[in-house]
Asker: 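The structure that follows is given in the form of structure tokens.
Each chain gets a letter, A, B and so on, in the order its sequence line appears, and its residues count up from 1.
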Amino acid sequence: MLDPKLVRSDPIAVAAQLARRGFTFDVARFTALENERKQVQVDTEQMQAERNSRSKLIGKMKAAGEDTAALMAEIGGLGQKLDQAKQRLGEIQSELDALFSLVPNLPAEDVPFGEDEAGNVEVRRWGTPRTFDFEIQDHVALGAALGMNFEQAVKLTGSRFVTLAGDLARLHRALAQFMLDLHSSQHGYTEMYVPYIVNDKSLFGTGQLPKFGEDLFALKGDADWYLIPTAEVPLTNLVRDELLSANDLPRRYVAHTPSFRAEAGAAGRDTRGMIRQHQFDKVELVQIVRAEDSAAALEALTGHAEAVLQALELPYRVMQLCTGDMGFSAAKTYDLEVWLPGQNTYREISSCSNCTDFQARRLQARVRDADGKPQLVHTLNGSGLAVGRTLVALLENHQQADGSVALPLALRPYFQGKAAICVPEGQQGKA
RNA sequence: GGAGGGUUGGCAGAGCGGUUGAAUGCACCGGUCUUGAAAACCGGCAAGGGUUUAUCCCCUUCCAGGGUUCGAAUCCCUGAUCCUCCGCCA
């Protein structure tokens, strides 16, 4: 949610900034609504003031033993007019709220202009893609021999799911655990266990609702419950409706959860392999900071995600998203793209965003400043990392000629020191 | 699932339908005192919104939504949630 005061004070300038990210803000409609709101609100409050003062007077007169019948009769007619005005104000307010709830965050000043992902700007690269002296396989081919099975998942559920068996399942678990261990012990994050089902308020707070409901899996039942599309939702909502004191910040949370996405509109995209699934695990980083700290926090958080890739010896590049490619709540975003030899390209494996006060305003998440005045916090989130895609990258980058996959040093403690995962007995030649 | 009891400011916790936006304590901020700190004492201190250059002023808010009333933290209804006891249970 944008700051209504800012939008009111200069709707043209706000519209211009939103246009940079391809969003059309209807200034005329907003201005008309806003003018009517002002008028109706002033009228309504005036009537309320009158009612209040007269009712108080009645109280005083009764206490003094005077006759109040005349005054009470006089006040009677006010109620109906007031109800009408309140109803109209409520309607206008709902319309304004609906309008505002669909408006994305303003891009930060240093975000490059661009209409789509083609406008993203490479910031830096780490590592060098390996040159192979044998015919490489992609993760689907490698995985088939190691225990990755899409047919089984189709039987259990449908497309865009997977089962992992044996060392591959263990690798998946090891990756998540390694990431949690790294962030909680080295980067100052508090590990959290959170619900995988959240209510509609939480999804509104982080911006998934009302605009992106079709991307979510909604549960049947009386309550408005949804499977989480990312742990960003439960983690960020931890501070919803909280008024924190200055020494409560910064807060850094890390959690490993599955993420559930309907992938509506993604038909035909990334249908091969584990790249785009309805269910995938992710280790998520969330920071709650004071406004003045958020720019630096984004750089730090991005670095924390990068540290995972470095420890796993996976080449990547850091992309700054352009105005047209950023998510709804983000003011500034870095994507980490890992090298995938099987696709001969870099693919997104983490997205790190500074949402400034956009989510905080929806969440009513505040902190007292030095003067003791409540100020909105800033929220940041980033994947550190997407576990499924990390597994994909690991298989493809560290594959060996015989179909086994070398384990980076960082993961070996989770495998009793083993140096590679190998095709199980009896599976050789099946790939 | 059954029965009962709660939900009030950052926190704890009072609150007969009428100057109660709400006592008191803690926390916090400022001051006195002190070499400094602590203690003590004095003072300040809810949030959101409207209007305004600003002060002032006004409105809303005591879990949420309805209702009764000239007037609701207070009475009624519905829902959420927490606690206690019983039942069931990984």
Asker: Would you give a per-nucleotide map of nucleotides 57-62 of chain B, 5' to 3', where B means the base has a protein non-hydrogen atom under 4.0 Å away, S means only the sugar-phosphate does, and - means neither?
Answerer: -BSS--

Asker: Tell me what A:Ile58 touches on the nucleic acid: a base, only sugar-phosphate, or nothing, going by heavy atoms under 4.0 Å.
Answerer: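 Here A:Ile58 touches the bases of the nucleic acid.
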
Asker: Can you tell me the pairing partner of B:U32 across any strand shown, Watson-Crick or G-U wobble, with both distances under 3.5 angstrom?
Answerer: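 The base-pairing partner of B:U32, which may sit in any strand shown, is B:A40.
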
Asker: In chain order, what residues pass the salt bridge (Lys or Arg N to Asp or Glu O under 4.0 Å) check against A:Glu306, with sequence neighbours excluded?
Answerer: A:Arg124

Asker: Looking at A:Glu36, A:Glu95, A:Glu34, which hits salt bridge (charged side-chain N to carboxylate O under 4.0 Å, His left out) with A:Arg29?
Answerer: A:Glu95

Asker: Taking only the side-chain heavy atoms of A:Val42 (C-beta and beyond), determine which of B:G48, B:G50, B:G21 contains the nearest atom.
Answerer: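 From the listed options, B:G50 comes nearest.
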
Asker: When we call it a touch if two heavy atoms are under 4.0 Å apart, what does A:Lys373 touch: a base, just sugar-phosphate, or nothing?
Answerer: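 Answer is nothing: A:Lys373 stays at 4.0 Å or more from every strand.
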
Asker: Rounding to the closest angstrom, what is the interatomic distance between B:G36 and B:U24 at atom P?
Answerer: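 Roughly 32 Å separates the two P atoms.
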
Asker: Could you tell me the Watson-Crick or G-U partner of B:A80, where both distances fall under 3.5 Å? Say none if there is no partner.
Answerer: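 In the structure as shown, B:A80 has B:U7 as its Watson-Crick or wobble partner.
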
Asker: Students often get this wrong, so: under 4.0 angstrom with heavy atoms, is A:Arg8 touching a base, only sugar-phosphate, or nothing?
Answerer: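 Result for A:Arg8 = sugar-phosphate.
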
Asker: Whole angstroms only, please: what is the CG-P distance between A:Leu243 and B:G9?
Answerer: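 Taking atom P of B:G9 as the reference, CG of A:Leu243 is at 12 Å.
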
Asker: Indicate every side-chain donor-acceptor pair of residues 320-328 of chain A with a distance under 3.5 Å to a residue at least two apart or in another chain.
Answerer:
residue	atom	partner	partner atom	Å
A:Gln320	NE2	A:Asp110	O	3.3
A:Thr323	OG1	A:Arg20	O	2.7
A:Thr323	OG1	A:Gly114	N	3.1
A:Thr323	OG1	A:Gly114	O	3.2
A:Asp325	OD2	A:Asn120	ND2	2.9

Asker: Would you please name every residue forming a salt bridge (Lys or Arg N to Asp or Glu O under 4.0 Å) with A:Glu263, sequence neighbours left out?
Answerer: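 By the salt bridge (Lys or Arg N to Asp or Glu O under 4.0 Å) rule, A:Glu263 matches A:Arg276.
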
Asker: For B:A23, what is the paired nucleotide under Watson-Crick or G-U wobble rules, both distances under 3.5 Å?
Answerer: none

Asker: Measuring from the side chain of A:Ser55 (C-beta onward, heavy atoms only), which nucleotide among B:A47, B:G71, B:G21 has the closest atom?
Answerer: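 Given the options B:A47, B:G71, B:G21, the side chain of A:Ser55 is closest to B:G71.
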
Asker: Taking salt bridge (Lys or Arg N to Asp or Glu O under 4.0 Å) as the definition, give me every residue that meets it alongside A:Glu284, ordered by chain and number, with sequence neighbours left out.
Answerer: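 So A:Glu284 forms a salt bridge (Lys or Arg N to Asp or Glu O under 4.0 Å) with A:Lys282.
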
Asker: Kindly state each residue pair satisfying salt bridge (charged side-chain N to carboxylate O under 4.0 Å, His left out) with at least one member in residues 180-204 of chain A, sequence neighbours excluded.
Answerer: none

Asker: Is B:G17 paired to anything, Watson-Crick or G-U wobble with both distances less than 3.5 Å, and if yes, which nucleotide?
Answerer: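 By the stated definition (distances under 3.5 Å), nothing pairs with B:G17.
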
